[in-house]
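Side chains included, hydrogens not; waters and symmetry mates left out as well; all remaining heavy atoms used. Remember, predicted model here, so these are calculated numbers, not experimental data. In what follows, chains are A, B, ... by sequence order, proteins preceding strands, each numbered from 1.
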2 protein chains.
Amino acid sequence: MNDVNGRTRIPGTVAYRLGVLGAISENRFATAIAPLDLKPKHVGLLAALESAQGLSQQELATRLGVVPSLVVALADHLEKLDAIRRERDPADRRRQTLVLTDVGRALLTRCEREAAALDRALTAQLTAAQLSALDEVLSLLAAEAGMPSPR
Amino acid sequence: MNDVNGRTRIPGTVAYRLGVLGAISENRFATAIAPLDLKPKHVGLLAALESAQGLSQQELATRLGVVPSLVVALADHLEKLDAIRRERDPADRRRQTLVLTDVGRALLTRCEREAAALDRALTAQLTAAQLSALDEVLSLLAAEAGMPSPR
DNA sequence: TATTGTTATACTCTATAACTATA
DNA sequence: TATAGTTATAGAGTATAACAATA
């Protein structure tokens with residue numbers, strides 16, 4: 001597919017194109033949510049919390065594929081926005097359980113709308129068949145890449 | 001496609017998945033070429049130079065979608081590796097034309113092999129039909145995203 | 001006066017490692 | 001002694017802005 005005369009041109013590789021496209025997608029999403037004072041990683045944390053309320057920061061770190069100290073920074077910011085609350089686990093007072101507040105849920109909803117709009121713009125030229133092929137292929141690639149998932 | 005009960009879940013969006021997948025791809029490529037003392041952006045510059053020899057640093061900055069001062073840093077490093085040479089344009093002595101050396105071409109070839117191997121690993125589970133659908137869809141997405149291309 | 005390349009500087013993101021408090 | 005979270009620190013990467021040389 002990318003080979004010409006047995007040579008693979010870098011800009012034609014799936015890896016290269018995914019990298020560039022991914023950076024553009026993330027940039028656009030970051031721009032869209034900037035007015036909410038959120039960055040993509042914050043949204044990842046909120047989404048992870050929504051699907052599994054009351055995770056500890058360590059668990060979050062694993063799910064998001066980041067280092068625990070980064071979760072601290074993300075949680076600090078989200079707490080300042082009243083989007084989450086930290087609650088001590090009574091059973092083990094070292095652990096802090098993060099819970100989504102109403103404000104956090106509302107923020108997440110607004111982010112979802114932005115993401116949906118971005119998706120529409122991005123996939124505007126795709127037929128329904130191409131769209132479902134994309135969905136399928138992204139899932140296969142994600143599995144192959146061992147993509148950490150907040151789901 | 002990503003909507004459940006009229007709600008778009010962030011982790012299901014094309015934008016989100018492209019972002020994560022792109023970051024993973026870039027990381028893997030970065031790891032693969034680290035022994036060559038190169039980063040993905042260096043390879044992007046080499047690839048751009050190969051398809052259009054003798055570009056100025058300004059032109060490169062535009063093609064790569066980065067700021068001119070970053071091209072200086074990338075070119076400094078590549079020059080130290082003897083992968084490129086800077087040549088003053090005799091017609092306009094402010095301009096410096098970057099040219100790929102034999103060392104640079106050899107490095108690029110090794111990067112191409114790494115990229116090809118990465119692609120094989122990434123797309124191992126895809127059928128031929130899915131692979132060509134992916135190719136097509138990536139091109140459409142790239143066009144829609146206004147992806148800067150070193151080609 | 002405008003443009004090319006460079007340098008100086010600063011900012012964002014994230015990781016590593018040391019530290020505190022609980023266990 | 002081990003673990004959850006935090007803090008302090010540092011590094012990579014990249015942008016902005018001031019500057020020098022040339023047009």
Side-chain angles (χ1 to χ4, degrees), chain A residues 19-20 22-31 33-34 37-45 48-49 52 54-80 84-99 148, chain B residues 19-20 22-31 33-34 36-45 48-49 54-80 84-99 148:
Chain A
V20 177
I24 294 174
S25 294
E26 179 162 342
N27 264 338
R28 285 208 195 172
F29 185 57
T31 302
I33 61 176
D37 200 11
L38 293 176
K39 311 236 158 128
K41 290 251 152 81
H42 296 123
V43 181
L45 201 162
L49 268 189
L55 292 172
S56 75
Q57 298 189 184
Q58 297 274 345
E59 289 161 341
L60 253 342
T62 306
R63 293 210 183 201
L64 299 176
V66 298
V67 103
S69 65
L70 180 54
V71 176
V72 174
L74 297 172
D76 282 352
H77 183 71
L78 290 171
E79 204 175 28
K80 225 174 297 172
I84 62 167
R85 271 198 322 275
R86 281 177 161 111
E87 293 186 350
R88 279 285 166 204
D89 181 343
D92 179 347
R93 295 185 36 73
R94 290 171 308 181
R95 305 178 82 243
Q96 302 201 84
T97 271
L98 303 191
V99 308
Chain B
V20 177
I24 294 174
S25 294
E26 180 163 342
N27 264 336
R28 286 207 194 172
F29 186 58
T31 302
I33 61 176
L36 304 176
D37 199 10
L38 294 175
K39 311 237 158 125
K41 290 251 152 83
H42 297 124
V43 181
L45 200 162
L49 268 191
L55 292 171
S56 76
Q57 298 188 185
Q58 297 274 344
E59 288 161 342
L60 254 342
T62 306
R63 293 210 184 199
L64 299 176
V66 298
V67 103
S69 65
L70 179 54
V71 175
V72 174
L74 296 173
D76 282 352
H77 183 71
L78 291 171
E79 205 175 28
K80 225 175 296 173
I84 62 166
R85 272 197 322 275
R86 280 176 160 113
E87 293 186 350
R88 280 286 165 203
D89 180 342
D92 180 346
R93 294 185 40 71
R94 291 171 307 180
R95 306 177 80 242
Q96 302 200 86
T97 271
L98 304 189
V99 307

Listed nucleotide nearest any side-chain atom of [X], set [options]:
| X | options | result |
| --- | --- | --- |
| A/L70 | D/dT7, C/dT22, C/dA15 | C/dA15 |
| B/R94 | C/dT6, D/dA4, C/dT3 | C/dT3 |
| A/K41 | C/dT14, D/dT6, C/dA23 | C/dT14 |
| A/Q96 | D/dA17, C/dG5, D/dG5 | D/dG5 |
| B/R93 | D/dA15, C/dG5, D/dT22 | D/dT22 |
| A/K39 | C/dT14, C/dT12, C/dG5 | C/dT12 |
| A/V72 | C/dG5, D/dA15, D/dT6 | D/dT6 |
| B/Q58 | C/dT6, C/dT4, D/dT14 | C/dT4 |
| B/V67 | D/dG5, D/dT16, C/dT22 | D/dT16 |

Notebook entry, point to check: Any donor-acceptor pair under 3.5 Å between the side chain of B/S69 and the base of D/dT16?
Noted result: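 Per atom types, the contact qualifies.
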Can you tell me the distance, in whole Å, between the [atom1] atom of [X] and the [atom2] atom of [N]?
| X | N | atom1 | atom2 | result |
| --- | --- | --- | --- | --- |
| B/D76 | C/dT4 | CG | C1' | 15 Å |
| B/R88 | D/dA21 | CZ | P | 11 Å |
| B/D92 | D/dA21 | CG | P | 16 Å |
| B/L60 | C/dT4 | CG | P | 13 Å |
| B/R86 | C/dT4 | CZ | P | 16 Å |
| B/N27 | D/dA12 | CG | P | 15 Å |
| A/H42 | C/dT12 | NE2 | C1' | 12 Å |
| B/L64 | D/dA15 | CG | C1' | 15 Å |

Check: More 5' along DNA chain C: B/R95 or A/A91, using each one's nearest nucleotide?
Finding: B/R95
Next item on the list: With rounding to the nearest 0.5 Å, note down the distance linking CG in B/D76 to CZ in B/R86.
Entry: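 Those atoms lie 4.5 Å apart.
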Check: What's the spacing between B/I84 CD1 and B/Q96 CD if we round to 0.5 Å?
Finding: 9.5 Å
Item checked: Within-4.5 Å side-chain heavy-atom neighbours: B/L60 and B/L49 -> yes
Item checked: A/R95 side chain reached by A/E59 side chain, heavy atoms, under 4.5 Å ->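 A side-chain contact under 4.5 Å exists here.
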Check: Given axes from five pairs at either end, by how many degrees does the helix from C/dT1-D/dA23 to C/dA23-D/dT1 bend, rounded to 10°?
Finding: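 Inter-axis angle at the ends, rounded: 20°.
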Check: A/R28: what forms a salt bridge (Lys or Arg N to Asp or Glu O under 4.0 Å) with it, not counting sequence neighbours?
Finding: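 With neighbours one apart ignored, the set is empty.
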Checklist line | Any donor-acceptor N/O pair, B/H42 side chain to B/D37 backbone, under 3.5 Å | finding: no
Note to self: I'd like to know if the side chain of B/R88 and the backbone of B/R94 have a donor-acceptor N/O pair within less than 3.5 Å.
What the structure shows: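 Answer holds: yes.
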Note to self: Restricting to side chain to side chain contact (heavy atoms under 4.5 Å, CB included), what partner residues turn up for A/A61, sequence neighbours left out?
What the structure shows: A/P68, A/V71
